[in-house]
Asks: 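Got a structure here, written out as structure tokens. Questions coming.
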Amino acid sequence: MTEKFEPKIVAFLCQWCAYAGADLAGVTRLKYPANVVPIRVPCTGRIDPQFVLEAFSEGADGVFIGGCHTPTDCHYISGNYKALKRYLILKKLLEQMGIDPRRLRLEWVSASEGQKYARVIKEFTEEIKKLGPRNGRDLP
Amino acid sequence: MTRRLKMAIGLGATCSGCDMTIVNLSADLPIVDEFIDFVFWPTATDMKLDYLKKIDHIDVSLYHGFIRTDENEEIAKLLREKSDVLVSFGACACFGGIPGMANAFVAEDILREAYVMTASTDNPKKILPTPVSKDDGRELTIPKYLEYAYPLDSIVDVDYYVPGCPPPTDLVKDVVLALKDYAEGGKLPKKGTVFASNLSQCHDCTREKPEKIVIEKFHRIHEVKLDPNKCFLAQGVICMGPATRSGCDHRCINVNLPCRGCFGPLPGVKDQGAKMISVIGSLLHAGNENNLTDEQIAEIIDTIPDPMGTFYRFSLPSSILGRKGGKNNGKDSH
């Protein structure tokens, strides 16, 4: 490929922690790749696995989920745990369906962790760049 | 005044269990005879494809089985073209069914596995089936094996759905009575109607459910002695009930087996398996999660051996990803 590959990444961010963290990263003028399309959700527990699959089906190269730290940061007590469990099953499912599970990533980012948000997005974008575009299946 | 309806029953890639369920109408079969003439039904009569091509008009067609070869596709298109009403009959036609799980692999790998790799196969020349082959100057043709399995409604427009593997005879009777009403001059149900309940299996399940269902550990059905009166999920056995449409009278649950999901997703849901993943996410150690580390949760999740086969047993081809790598294969994005 002659053209440089710029991945499309969909990020589902919880409004109390990761989205606020992303806001802080912006206000602090931290630099991170512009490949991410952030989608604000009330809680990571609101992320229906259908959202993640739909993103991959519509051509996302990676999906990022950002929520509140376990064990006790979740505004709704256990939404982050629900997301964690769904994410773990989805990883296994993606592998069976020929999509590299590294294309799905979950990180706990608090409202004060603008630095961490910028870092993990940078790392994730780099990783997806290495994996390359999703033309067809990743895995044999 | 009752008019007689011309009916065709077409076959896709099917085990013909759906034909059995029609024959199982037994005592109610005379109702069928009152107003239906079968013009095409290869299972019951010796009718070839050419015969179907010559028919001008069909009132109602049933199609069972999914679409895996170009012949399945041709029959589906012929039935659609000639019929006023096309009914997608059975889990395979509606969602892809059990053999639809083949969509987790590509056609080439499936053929190689079946015709070359298996231990019991003796095929030193590694010959794979091809649509046309020559033998002694004669030309032999077989239908072409398509790249993936498809549910009926992804190939042609479908009017009604009758889910189930196979659809229970009671539902078949509902269909027959709806058609009888139509034959007598009545109206047909709204297009897209699913001949089953609009509620989940759990809604009318009579098993005892605790106030809060909590899964602590996953068990496979042979590993535990199942209490016949208690909710399967509360016993740690994955039951597709919460994500599955009801209407089957719980034929599996009543014989102490968890629901496997043959009635497909609930109204408004695209992806039955994703909904079930959601359910598991809610129930596993519910309310007790913060006593576990993230790693311990991962260990428990790891004891689900086959998420695709468990959550998408009947619905993989009609799910959001639909096939290996996803339906769009990510190709549209760049």
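Proteins get letters first, then strands, A, B, ... in listed order; numbering begins at 1 in each. Atoms considered below: every heavy atom in the structure, side chains included; atoms not considered: hydrogens, waters and symmetry mates.
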Asks: Is it true that, when you exclude A:Gln115 itself, more than 12 heavy atoms of the residues, nucleotides or ligands shown sit nearer than 6.0 Å to its CD?
Replies: no

Asks: When you look at NZ of B:Lys209, are more than 12 heavy atoms from neighbouring residues, nucleotides or ligands closer to it than 6.0 Å?
Replies: yes

Asks: With respect to chain A, which residue among B:Ser319, B:Gly287, B:Ser282, B:Gly322 yields the maximal number of heavy-atom pairs within a distance under 4.5 Å?
Replies: B:Ser282

Asks: Between A:Met97 and B:Leu316, does a side-chain contact (heavy atoms from CB on, under 4.5 Å) hold up when you go through it step by step?
Replies: CA-CA 10 Å; A:Met97 294 304 292; B:Leu316 190 65; 3.8 Å; yes

Asks: Which atoms form the tightest heavy-atom contact between A:Gln96 and B:Pro307, and what is the distance?
Replies: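 Minimum heavy-atom separation between A:Gln96 and B:Pro307: OE1-CD, 3.2 Å.
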
Asks: Look at B:Leu284, B:Ile300, B:Leu292 and state which one has the largest set of heavy-atom pairs under 4.5 Å with chain A.
Replies: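 Result: the option with the highest number of such pairs is B:Leu284.
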
Asks: For the OH atom on A:Tyr76, are there more than 12 heavy atoms of other groups (residues, nucleotides or ligands in this structure) within a distance under 6.0 Å?
Replies: yes

Asks: Checking the side chain of A:Arg86 only, and the main-chain atoms of B:Ser278 only, is there a donor and an acceptor separated by less than 3.5 Å?
Replies: yes

Asks: Kindly determine whether A:Ile99 and B:Lys324 satisfy side-chain contact (heavy atoms from CB on, under 4.5 Å), including the steps that lead there.
Replies: CA-CA 8 Å; A:Ile99 296 172; B:Lys324 189 160 197 167; over 6 Å; no

Asks: Around A:Lys116, counting heavy atoms of other residues, nucleotides and ligands shown, do more than 12 lie under 6.0 Å from its NZ?
Replies: yes

Asks: Check whether more than 12 heavy atoms from other residues, nucleotides or ligands sit under 6.0 Å from atom NE2 of A:His69, and answer yes or no.
Replies: yes

Asks: Quick one: does A:Tyr81's side chain get under 4.5 Å of B:Asp294's, heavy atoms only?
Replies: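 Of all side-chain heavy-atom pairs linking B:Asp294 with A:Tyr81, at least one is under 4.5 Å.
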
Asks: Are B:Leu321 and A:Leu94 packed together at the side-chain level, in the sense that at least one heavy-atom pair is separated by less than 4.5 angstrom?
Replies: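 The answer is yes, as the side chains (C-beta and beyond) meet within the 4.5 Å cut-off.
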
Asks: How long is the gap from OG on A:Ser57 to NZ on B:Lys270, to the nearest 0.5 Å?
Replies: 7.5 Å

Asks: Checking salt bridge (Lys or Arg N to Asp or Glu O under 4.0 Å) for the pair B:Asp306/A:Lys92: CA distance, chi angles, key distance, verdict?
Replies: CA-CA 8 Å; B:Asp306 177 10; A:Lys92 289 187 76 167; over 6 Å; no

Asks: If we only count heavy atoms from C-beta on, is the B:Ile304 to A:Ile89 side-chain gap below 4.5 Å?
Replies: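 Counting from C-beta outward, B:Ile304 and A:Ile89 do come under 4.5 Å.
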
Asks: So what's closer than 4.5 Å to chain A heavy atoms on B:Asn291: side chain, backbone, both or neither?
Replies: neither

Asks: Measure across A:Arg134 and B:Gly325 and return the closest heavy-atom pair with its distance rounded to 0.1 Å.
Replies: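 Closest approach of A:Arg134 to B:Gly325, heavy atoms only: NH2-O, 2.7 Å.
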
Asks: Is a side-chain donor or acceptor of A:Gln50 paired with a backbone partner of B:Asp271 at a separation under 3.5 angstrom?
Replies: yes

Asks: If I compare all heavy atoms of A:Pro49 with all of B:Ile277, which pair ends up nearest, and what's the gap?
Replies: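 Answer, listing the atom of A:Pro49 first, then B:Ile277: CG-CG2, 3.9 Å.
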
Asks: Can you tell me if CG on B:Leu199 sees more than 12 non-hydrogen neighbours from other groups inside 6.0 Å?
Replies: yes

Asks: With a 4.5 angstrom heavy-atom cut-off, is it the side chain or the backbone of A:Leu84 that approaches chain B, or both, or neither?
Replies: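 Contact with chain B involves the side chain of A:Leu84 alone.
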
Asks: Please round to the nearest 0.5 Å and tell me the distance separating atom CG of A:Asp48 and atom NZ of B:Lys275.
Replies: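 Spacing of CG (A:Asp48) from NZ (B:Lys275) equals 3.5 Å.
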
Asks: B:Tyr312 versus chain A, heavy atoms under 4.5 Å apart: side chain, backbone, both or neither?
Replies: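 Side chain only.
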
